[in-house]
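To start, the structure itself, in structure tokens.
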Amino acid sequence: MPSGAPSEELLRRMKSARSILVLTGAGASAESGVPTFRGQGGLWREFRPEELATPTAFARNPKLVWEWYMWRRELVRQASPNHGHYALAALEAKFEEFTLVTQNVDGLHQRAGSRNVIEIHGNIMRSRCFSCGVQTGEVALDEDGQLPGCECGGLIRPDVVWFGELLPPQALKRAWDAATRAQVFLSVGTSSAVQPAAGLADIAGRAGAYLVEINPETTEMSDRFDEVVCAPSGQALPMICRGLGLNITADPAVRLS
Ligand code: BV8
Ligand code: ZN
């Protein structure tokens, strides 16, 4: 039965856990003002993200796709980590093994002080060549809308994973390994609509982890979780920290009391 706060059972399990795995989605950045993919804010001009976050869309109209990413980069630049990001950074320091797998490409976990972050869908602030794969930092369209090109002649693209593209194998293997070792798995702010990320819950569950979903809405996978905390992550995650006696500061350097 969904509840608005983490249970005593969850806190008990986290207190005795050696290994924790957290998967975050766009909802974890919602309170930072970054629109989610499938919620109301997901639209840009008349396009849905699934129409633009594909190699086909980029091949058909690379300028349009770059304009979407540059709009999103600006949103990310103006965004700051929220209490949920800082809570995850504080939790990381408390456990022998704490793995944070994120579907988000905004880098807000790292800006909040999280260190062991696996970006399974890449990072929007980086770019790479579509042909030779060389990473090029934050390259973009120039002011006259010229497409950025690589010395090899290839087109440069945002360094993210598009639909129909394989996830970085190393990152995915690390995420799968962490799922087999976790005693507690927190799914935070994701609709669990995208594979293979959403499958991490099943792997962790089969390996015996206590599965928790933190989301103000129920999702297509909610009934597979042992516990559903129906609350925004910026509220639920600090409650978990307080339940574990952790004090969160916005300054990641002074994370623990
Ligand atoms: C792959 C990076 C092998 C780019 C993203 C047919 C053809 C091809 C592929 C497929 C196919 N059918 C299925 C697939 C697989 C496909 C897939 O899963 N499709 C879905 C849509 C059906 N997956 C892939 O293609 C993956 N690759 O499988 O390769 C392959 C290859 C070829 C053919 C077959 C297989 C690649 C997937 C990666 C795509 N890239 N992003 C970019 O960012 O521009 S995915 C995109 O969705 C984002 O990364 C996002 O993070 C991710 C998941 O969405 P969510 O994060 O969950 O966001 P969403 O808006 O959905 O939900 C937000 C939630 O937050 C909501 O539930 C809301 O209630 C909640 N919320 C709101 N506020 C808060 C909150 N929660 C907490 N607190 C709050 N305050
Ligand atoms: Zn190149």
Side-chain angles (χ1 to χ4, degrees), residues 2 22-44 47-58 65-66 68-73 75-76 82-85 87-88 101-108 119-136 139 148-169 171-172 186-201 213-222 228-238:
V22 180
L23 170 68
T24 59
S29 296
E31 289 155 272
S32 298
V34 181
T36 60
F37 260 74
R38 292 165 188 84
Q40 293 324 313
L43 262 183
W44 175 74
F47 299 102
R48 302 240 24 95
E50 288 84 357
E51 297 172 86
L52 296 172
T54 74
T56 319
F58 187 74
V65 172
W66 261 118
W68 179 49
Y69 279 94
M70 288 173 70
W71 174 73
R72 289 175 63 198
R73 277 183 174 173
L75 284 178
V76 167
N82 62 58
H83 293 304
H85 292 112
L88 289 172
V101 176
T102 188
Q103 301 171 90
N104 300 338
V105 296
D106 56 32
L108 287 176
E119 294 179 316
I120 51 169
H121 291 164
N123 185 301
I124 195 171
M125 302 317 269
R126 290 195 307 260
S127 312
R128 66 176 147 90
C129 172
F130 208 151
S131 309
C132 71
V134 71
Q135 281 202 342
T136 60
V139 170
C150 174
E151 277 149 31
C152 79
L155 270 184
I156 291 177
R157 52 171 283 177
D159 188 19
V160 296
V161 180
W162 282 329
F163 288 101
E165 294 187 322
L166 295 173
L167 275 61
L172 195 51
L186 304 179
S187 169
V188 180
T190 181
S191 60
S192 296
V194 172
Q195 295 297 350
L200 283 173
E213 182 178 66
I214 297 175
N215 191 323
E217 320 265 330
T218 51
T219 71
E220 51 193 79
M221 279 184 66
S222 292
V228 175
V229 180
C230 216
S233 49
Q235 196 180 312
L237 291 169

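Note that the coordinates shown come from a computational prediction; the quantities given were computed from them, not determined experimentally. Every number for a ligand or one of its atoms is a count from 1 in the order of the listing. Along the sequence shown, the residues carry numbers beginning at 1.
- Side-chain contact check for Thr24 versus Leu88: some heavy-atom pair is nearer than 4.5 Å.
- Separation of atoms SG (Cys150) and CG (Leu155) is listed at 9.5 Å; rounding is to 0.5 Å.
- A donor-acceptor contact shorter than 3.5 Å links the side chain of Asn82 to the backbone of Ala28.
- If you look at ligand 1, the protein residues with a non-hydrogen atom under 4.0 Å away are Gly25, Ala26, Gly27, Ala30, Glu31, Thr36, Phe37, Arg38, Trp68, Tyr69, Arg72, Gln103, Asn104, Val105, His121, Val160, Val161, Trp162, Phe163, Gly164, Glu165, Leu166, Leu167, Gly189, Thr190, Ser191, Ala193, Val194, Gln195, Asn215, Pro216, Glu217, Pro232, Ser233.
- Looking only at distances, a side-chain donor or acceptor of Asn123 sits under 3.5 Å from a matching main-chain atom of Met125.
- Side chain of Thr54 to main chain of Ala57: a donor-acceptor pair is present (N/O by atom type, distance under 3.5 Å, no hydrogens or angles).
- Listed by first and then second residue, the side chain to side chain donor-acceptor pair (under 3.5 Å) pairs that reach into residues 188-201 are Gln103-Thr190, sequence neighbours excluded.
- Using the six-membered ring where Trp is involved, Trp68 and Phe37 have ring planes that are perpendicular, over 60° apart on the 30 and 60° scheme.
- Side chain of Thr219 to main chain of Met221: a donor-acceptor pair is present (N/O by atom type, distance under 3.5 Å, no hydrogens or angles).
- Residue-and-atom listing of protein N/O/S atoms under 2.8 Å from the Zn ion (ligand 2), sorted by chain and number: Cys129 SG, Cys132 SG, Cys150 SG, Cys152 SG.
- Residue pairs meeting the side chain to side chain donor-acceptor pair (under 3.5 Å) criterion with at least one member in residues 148-163, sequence neighbours excluded: Tyr69-Trp162, Arg126-Asp159, Arg128-Asp159, Gln135-Asp159, Arg157-Glu165.
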